[in-house]
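What follows is a single structure, written as structure tokens, with notes after it.
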Amino acid sequence: MTMAATKRSLVPGLVILAVAVVAVALLSLTLGSRAVGLDAVVAAARDYQSGNSDHQVIANRLPRTLAGLLVGVALGLAGAVMQGVTRNPLADPGLLGVNAGAALAVVCAISVFGITAATGFVWFAFAGATVVAVLVYAVGSAGRDGATPVKLALAGAAVSAALTSVTTAVLLADASTFDRYRFWTVGSLTGRRLDLVLTLAPFIGVGIVVALCLGRLLNALSLGDELARGLGLRVGLARAGAAAAAVVLCGAATAMTGPIWFVGLVVPHLARLLTGPDHRWILPYSALLGPVLLLAADVLGRLVAPPGELQVGIVLAFVGAPFLIVLIRRRRAVEL
Amino acid sequence: MLHHAKVLRTAFLLVSAAFVAGACGADAQESDGLALAEPVTVEHRFGSTTIEHVPERIVTIDLQWTDTILAMGVEPVGYTVDSFMPDTTVPWQELPSGAKAMSLDDGLPVEEIIALDPDLILASFSITDKETYDLLAARAPTIAGPPSADEVTPWQELVRTAGDFLDEKDTAEQLVADVEKTVTDAEQPGLVGKTFLLAQYVVGDGITMVADEKDGSSLFFNALGMELFPPALAEGRRTGATRAQVSTERADLLAADLLVFLVNGGDESDLADIPGFDALPGTVAIADYPTVVGLNTPSPLSLPYSLEQLRPSLQEAAGT
């Protein structure tokens, strides 16, 4: 198959996915514990009445939907980049210790600094994610060969384990911090404020642009270090830059909603199933599949346990785990 | 005296723990109080405990017992604190300065409790396993909570039990009568038949509401002639749970004549997450943590406090 033919056959898929993103976003505005019709959504968009409780419900679903879109894109892309950089099909954005770092920083923010508002501790989550990712990268880069995929994965796993023990130790000793933390850690799109979403949106926006440009570079890295060097790529720099984009995306997403698993892991596999191994297509497919999966899971969580809701993180764990097993059993996951 | 007790003794030894403690510890013998004319036997989660002497060194675990003992005019030698309370103090308690405050954050402080050389240990729900109970019961008669973990013992029962083992039955009856009178004094014709609901918004997650008419808090409102909000009751009956989870989008399930509401993990600005909350038809009382705890696990001290906090809202609800 020539490159041009591949492109032609993959473009319609992107269009379909884009339509699917719009569709789940509309579902996310329309469906929930409280039923409002699509006509009410249209009416609220045309002429918002602050006294109308249907309109208020829709207005409250707007930041939630936006958060779902942004976090979905961010995690989908971050997962694809991370799996490409480390050439590890089980890599997810948490591999570089991003989630563990964010969690420890949030616990410190609550426990040491007494910060309990989400707008306060997002910066801690973000900073924690970044610092730990840099640390993992530094540890993984030590030694003769620089940051090889295996060393990065090992360093990430080791640092994550160490940080998680510290987090657990703090939480065991401090019940009131645990009380706040447990709501953050479950991963939820409920009650995200528009200001919080808008504060973090620029970071995710920059991350998206950078990540989408990484296709060629990830393709070169996937050939192996020697070949990539042969193609004139500065392997260490390329890997660090790509990882940085993933960390910004994942850090901002985790800061917004708490750690959400599976999206970053499953979405790139799905994307590769549709596109084959070319990262120039895996990345945009992942960017669109992420929000479809995340918002669909969120909408599902609103409908399965009325009048309550299930947090999106829990729905994803239920849906994502068997899904991943089926994916791996059906055919060998597309090799990296 | 250090006494390395083998933890697992026979059931016989455990039941007669008072004798064991008396026989093994020289200190314990001195602190043995007056023998009770009729020994008091209390059934609880881990069996039954018989108290033979008027206790002089009581350790209270959990608010309800601390309150009950204080209300009976007795000072505990040690008590546990609730770290969720603002400044970890309970606004309705005046605690003796000599008593040891113990944190439950790292689990039950068994060693600290034993070091206080208690002759009675009282708990509502924080003794959660048989092993811990056995450790404590080997040193002093110990009363754990009610058989079911989410059950709340009526405060009247706690006061009467305390009256029995303190040999102060009249004081106990007087206390029950006084506190019940305080509650019934708040009765207003306008409240009879009105609906009530106790709920909390866990910020960024969802709403939890009390959906059981037999809950400690429900009994208080029942005493005022009020009824649990029917949709909440229906939800509780449907799921069989004492607490019901509700989405932030279902403000219609909060539309009781009187809604007592706690914002857990935030402040009143977080109520914006609940569309329609500001347009609820009934009286809305935004309560603080102590007030809600005072209703949820009522004691002779907490009830008058929580009642006082809610009085303006009760009047408003009665007036409408």
Side-chain angles (χ1 to χ4, degrees), chain A residues 31-36 50-64 110 116-119 121 169-196 256-258 301-303 305-311 313-314, chain B residues 80-88 103-108 126 199-209 211 229 231-232 234-236 238-239 241 243-255 262-267 269-281 289:
Chain A
L31 297 177
S33 301
R34 178 177 168 137
V36 295
S50 56
N52 183 327
S53 61
D54 273 358
H55 289 199
Q56 287 174 355
V57 167
I58 294 163
N60 267 43
R61 286 181 193 159
L62 188 66
R64 177 178 190 160
I110 300 171
T116 53
T119 39
F121 60 60
V170 174
L171 290 176
L172 280 178
D174 186 347
S176 55
T177 297
F178 176 69
D179 195 49
R180 303 283 170 134
Y181 170 80
R182 67 197 166 105
F183 298 118
W184 179 79
T185 191
V186 90
S188 167
L189 293 175
T190 315
R192 308 298 122 174
R193 302 290 167 68
L194 197 57
D195 56 349
L196 173 72
M256 203 185 291
T257 58
R302 302 180 208 173
L303 300 179
E309 293 186 9
L310 276 186
Q311 294 89 342
I314 292 172
Chain B
T80 61
V81 293
D82 178 349
S83 56
F84 294 126
M85 285 286 169
D87 309 317
T88 69
S103 162
L104 287 172
D105 288 355
D106 303 325
L108 201 65
S126 288
Q200 64 166 335
Y201 170 44
V202 178
V203 175
D205 189 21
I207 298 168
T208 307
M209 59 188 190
F229 188 48
E235 187 55 25
R238 189 178 70 79
T239 59
R243 301 286 189 278
Q245 305 297 323
V246 180
S247 159
T248 50
E249 292 181 354
R250 295 298 302 274
D252 57 304
L253 291 177
L254 303 176
L262 168 70
V263 183
N264 196 341
D267 53 46
S269 72
D270 294 304
L271 293 172
D273 296 351
I274 306 168
F277 192 91
D278 51 358
L280 282 174
Y289 182 78

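Chain A is the first sequence line, chain B the second, and so forth, proteins listed ahead of strands; every chain is numbered from 1.
Contacts of B:Ile207 with chain A are absent, with no heavy-atom separation under 4.5 Å from either backbone or side chain. Contacts between B:Asp270 and chain A at a heavy-atom distance below 4.5 Å involve backbone atoms as well as side-chain atoms. In this structure, chain B has no heavy atom under 4.5 Å from any part of A:Pro63. Only the backbone of B:Ala272 comes within contact range of chain A, with at least one heavy atom under 4.5 Å from a heavy atom of that chain.
Interface summary for chain B: among A:Ser53, A:Pro307, A:Gly32, the most heavy-atom pairs under 4.5 angstrom belong to A:Pro307.
A:Arg192 places a side-chain N or O within donor-acceptor distance of the main-chain N or O of A:Met256, the cut-off being under 3.5 Å. Using a distance-only test at 3.5 Å, with no hydrogens or angles considered, a donor-acceptor pair links the side chain of A:Arg302 to the main chain of A:Leu31.
For the pair B:Tyr201/B:Ile274, a side-chain contact is recorded, criterion being any heavy-atom separation below 4.5 Å from C-beta on.
Closest approach of B:Met209 and B:Leu253 over heavy atoms only: SD-O, 4.1 Å.
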Carefully, step by step, assess A:Asp195 and A:Arg193 under the rule salt bridge (charged side-chain N to carboxylate O under 4.0 Å, His left out). CA-CA 5 Å; A:Asp195 56 349; A:Arg193 302 290 167 68; 5.7 Å; no
